[in-house]
2 protein chains.
Amino acid sequence: MHILTAEERSYYLDKYPIDDFFSFDIDPFLEVCKFDKGEWIFQEGSFPDTLYYMIEGKAKIYMTHKNGKVSLIEYPEAPRFMGEIELLNEARYTKGVQTVTETICFSITQSCKEKLLTDVLFLRKLCVFLGEKATKITSKYTQNQAYPLENRLAAFIQLSSDQGIYKEKHTEICEYLGVSYRHLLYVLAQFCEEKILEKKKNGYHIMNRKRLSELAQEIQ
Amino acid sequence: MHILTAEERSYYLDKYPIDDFFSFDIDPFLEVCKFDKGEWIFQEGSFPDTLYYMIEGKAKIYMTHKNGKVSLIEYPEAPRFMGEIELLNEARYTKGVQTVTETICFSITQSCKEKLLTDVLFLRKLCVFLGEKATKITSKYTQNQAYPLENRLAAFIQLSSDQGIYKEKHTEICEYLGVSYRHLLYVLAQFCEEKILEKKKNGYHIMNRKRLSELAQEIQ
DNA sequence: ACAATAATGTGAGATATCTCACATTTTTCA
DNA sequence: TGAAAAATGTGAGATATCTCACATTATTGT
């Protein structure tokens with residue numbers, strides 16, 4: 001992570017105005033910083049003391065279980081807060097957050113914590129954000145346990161494919177969908193078998209959009 | 001649901017003071033109401049216009065999937081908010097909420113919505129509540145997919161047993177743990193087989209607390 | 001350019017969990 | 001108090017998913 005120069009800073013502040021999140025002047029408490037691709041924003045189990053507002057980039061939120069399994073909990077995408085729960089609760093340790101692409105964040109130090117926690121505008125934004133987060137997580141996980149991978153994967157392919165081509169990293173997606181790598185490949189192979197997908201050099205091509213939709217639409 | 005008399009109202013307001021949640025006088029906007037056991041507080045799919053703060057009782061939050069499966073998402077217990085997400089977001093439809101026991105709530109009409117959404121004290125409470133909710137749901141569901149029922153059930157029995165006896169309704173618990181009724185019985189039978197539990201008239205008696213702990217403690 | 005590392009891919013067998021069909025018991029309510 | 005509904009219980013077979021061991025192919029760092 002490194003902090004951007006004054007020039008870059010004002011570029012981003014201009015591009016992504018954030019003043020209306022706060023009723024006080026946030027400028028003195030704010031830095032713009034850049035994380036490299038793959039860099040960890042929060043180490044799992046650490047106690048972060050910075051609130052980030054991600055403005056460009058994508059990341060992954062992880063947690064590791066006692067038995068060694070890893071859950072990819074969320075795919076946070078800009079724009080959104082990170083570290084907000086730790087701001088609200090003292091000494092709450094965090095999940096691991098790792099960038100997927102180069103990522104630009106506004107970083108807000110806890111030196112203005114008091115101001116933040118008494119700011120109506122900010123708190124309301126945060127409430128809405130947290131409410132949506134809770135709703136999203138709930139729907140992801142209830143789906144996970146109500147539908148077999150076949151349906152969830154179909155939905156995920158629809159979401160994440162680009163120009164009719166699906167080419168995500170299996171290692172990531174199996175963690176996200178909560179199944180083993182092996183099983184993900186099984187179901188992908190099954191989709192190819194059924195001519196829903198076709199595996200090519202540059203990814204899996206969607207051959208039967210209709211059938212894929214049917215499978216996906218079993219889900220809410 | 002019925003609204004309590006002035007006398008009962010002041011009894012509960014006295015017993016569970018709530019003034020310090022608000023920086024304005026909430027009294028004119030607040031009723032105390034009672035739900036019977038099994039009554040629905042929110043119908044699934046409806047658009048509630050009341051914020052509740054549950055002060056006594058227990059409930060269940062449900063959602064029904066397209067394929068007919070039902071997920072028991074949460075076991076809300078007093079004290080806590082309900083309907084807070086719908087307060088923040090216009091026209092958000094709700095999950096189903098049904099009481100498990102007789103339940104007493106403060107009900108706050110949306111006529112003071114503006115006041116609430118500009119009240120620092122209230123918003124901060126709400127943020128903390130929503131943050132905890134998100135954390136709790138995340139940990140429940142990541143565990144669900146990282147551990148077999150054997151471990152999760154052991155943990156759940158520890159939590160919900162009383163005086164060494166486990167006697168929850170299987171139909172509910174299988175929904176909560178996200179498995180089929182059949183499978184829940186299998187694993188309970190297995191626990192009996194292994195002499196961890198013993199099935200008696202009044203419930204499953206815990207016979208091997210140590211082994212149960214071991215199974216439960218695989219989970220974080 | 002090469003070694004190390006990560007990602008991908010596959011087979012085979014095990015396990016966790018589900019579906020369905022049906023029997024019994026308990027609870028609810030008209 | 002009797003009929004209906006809910007809860008409980010069980011068997012048998014299907015399916016979804018996992019584990020492990022190993023081979024191949026990309027990607028990365030030096």
Side-chain angles (χ1 to χ4, degrees), chain A residues 36-39 60 62 65 67-72 98 100 141-154 156 166-194 197-204 215 218-219, chain B residues 36-39 60 62 65 67-72 98 100 141-154 156 166-194 197-204 215 218-219:
Chain A
D36 292 331
K37 173 178 170 173
E39 196 174 347
K60 294 184 286 186
Y62 277 117
H65 298 269
N67 65 0
K69 284 201 188 177
V70 172
S71 293
L72 206 183
Q98 184 183 30
V100 173
Y141 283 109
T142 53
Q143 281 175 17
N144 269 13
Q145 65 184 201
Y147 296 92
L149 183 59
E150 184 178 47
N151 301 115
R152 292 181 284 132
L153 181 58
F156 185 75
Y166 169 80
K167 61 196 259 198
E168 301 294 318
K169 288 210 167 171
H170 299 155
T171 36
E172 256 176 34
I173 303 314
C174 66
E175 281 170 354
Y176 182 64
L177 295 173
V179 297
S180 67
Y181 178 85
R182 189 67 188 87
H183 189 54
L184 175 60
L185 283 219
Y186 264 137
V187 177
L188 280 171
Q190 212 172 282
F191 281 2
C192 291
E193 182 94 356
E194 295 169 33
L197 299 180
E198 193 174 319
K199 188 177 170 182
K200 295 194 177 164
K201 269 264 170 71
N202 61 345
Y204 289 81
L215 285 171
E218 305 256 327
I219 298 181
Chain B
D36 292 331
K37 174 178 170 174
E39 196 174 348
K60 295 184 285 186
Y62 277 116
H65 298 268
N67 65 359
K69 285 201 186 177
V70 172
S71 294
L72 206 182
Q98 184 183 30
V100 174
Y141 283 109
T142 52
Q143 280 175 17
N144 269 12
Q145 66 182 202
Y147 295 93
L149 183 59
E150 184 179 48
N151 301 115
R152 291 181 283 134
L153 181 58
F156 185 76
Y166 168 81
K167 60 195 258 197
E168 301 294 318
K169 289 211 166 169
H170 299 155
T171 36
E172 254 174 39
I173 302 315
C174 66
E175 281 170 354
Y176 183 64
L177 295 173
V179 298
S180 67
Y181 178 85
R182 189 70 189 84
H183 190 54
L184 175 59
L185 285 219
Y186 264 137
V187 177
L188 279 171
Q190 211 172 282
F191 281 4
C192 291
E193 182 94 356
E194 293 168 35
L197 299 180
E198 193 173 318
K199 189 176 168 182
K200 295 195 179 165
K201 267 263 170 71
N202 61 343
Y204 290 81
L215 285 171
E218 304 256 327
I219 299 180

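Excluded from the calculations below are hydrogen atoms, water molecules and symmetry mates; all remaining heavy atoms, backbone and side chain alike, are included. Everything quoted here is computed from the prediction, not taken from an experiment. Here is how names work: the chains are called A, B, and so on, in the same order as the sequence lines, proteins then strands, and each is numbered from 1.
Counting to the nearest Å, the P atom of dG9(C) and the NZ atom of Lys167(A) are 14 Å from each other. If you measure from atom NZ of Lys200(A) to atom P of dG9(C), you get 16 Å, rounded to the nearest angstrom. Atom CD in Gln98(B) sits about 13 Å away from atom C1' in dA6(D), given to the nearest Å. If you take CD1 of Ile173(B) and P of dG9(D), they are 14 Å apart, rounded to a whole angstrom. Between the NZ atom of Lys169(A) and the P atom of dG9(C) there is a distance of 12 Å, rounded to whole Å.
A pairwise comparison of heavy atoms in Ile173(B) and Glu168(B) identifies CG1-CB, 3.5 Å as the closest pair. Closest approach of Val179(A) and Leu149(A) over heavy atoms only: CG2-CD2, 3.8 Å. Residues Leu72(A) and Tyr141(A) share a closest heavy-atom pair of O-OH, 4.2 Å.
No donor-acceptor pair closer than 3.5 Å links the side chain of Glu193(B) to the backbone N or O of Gln190(B).
Taking only side-chain nitrogens and oxygens, Thr171(A) comes nearer than 4.0 Å to OP1 or OP2 of dT8(C). At dT8(D), none of the side-chain N or O atoms of Lys199(B) fall inside 4.0 Å of OP1 or OP2 (strictly under the cut-off).
In this structure, Arg152(B) is not positioned above the aromatic face of Phe156(B) in the sense of NZ or CZ being under 6.0 Å from the six-membered ring centre and within 45° of the axis.
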Quick one, give me the B/S/- string for nucleotides 12-30 of chain D, reading 5' to 3', where B means a protein heavy atom under 4.0 Å from the base and S means that only happens at the primed atoms, P, OP1 or OP2. B---SBBBB----------

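Aromatic ring centroids of Phe191(B) and Tyr204(B) lie 6.0 Å or more apart.
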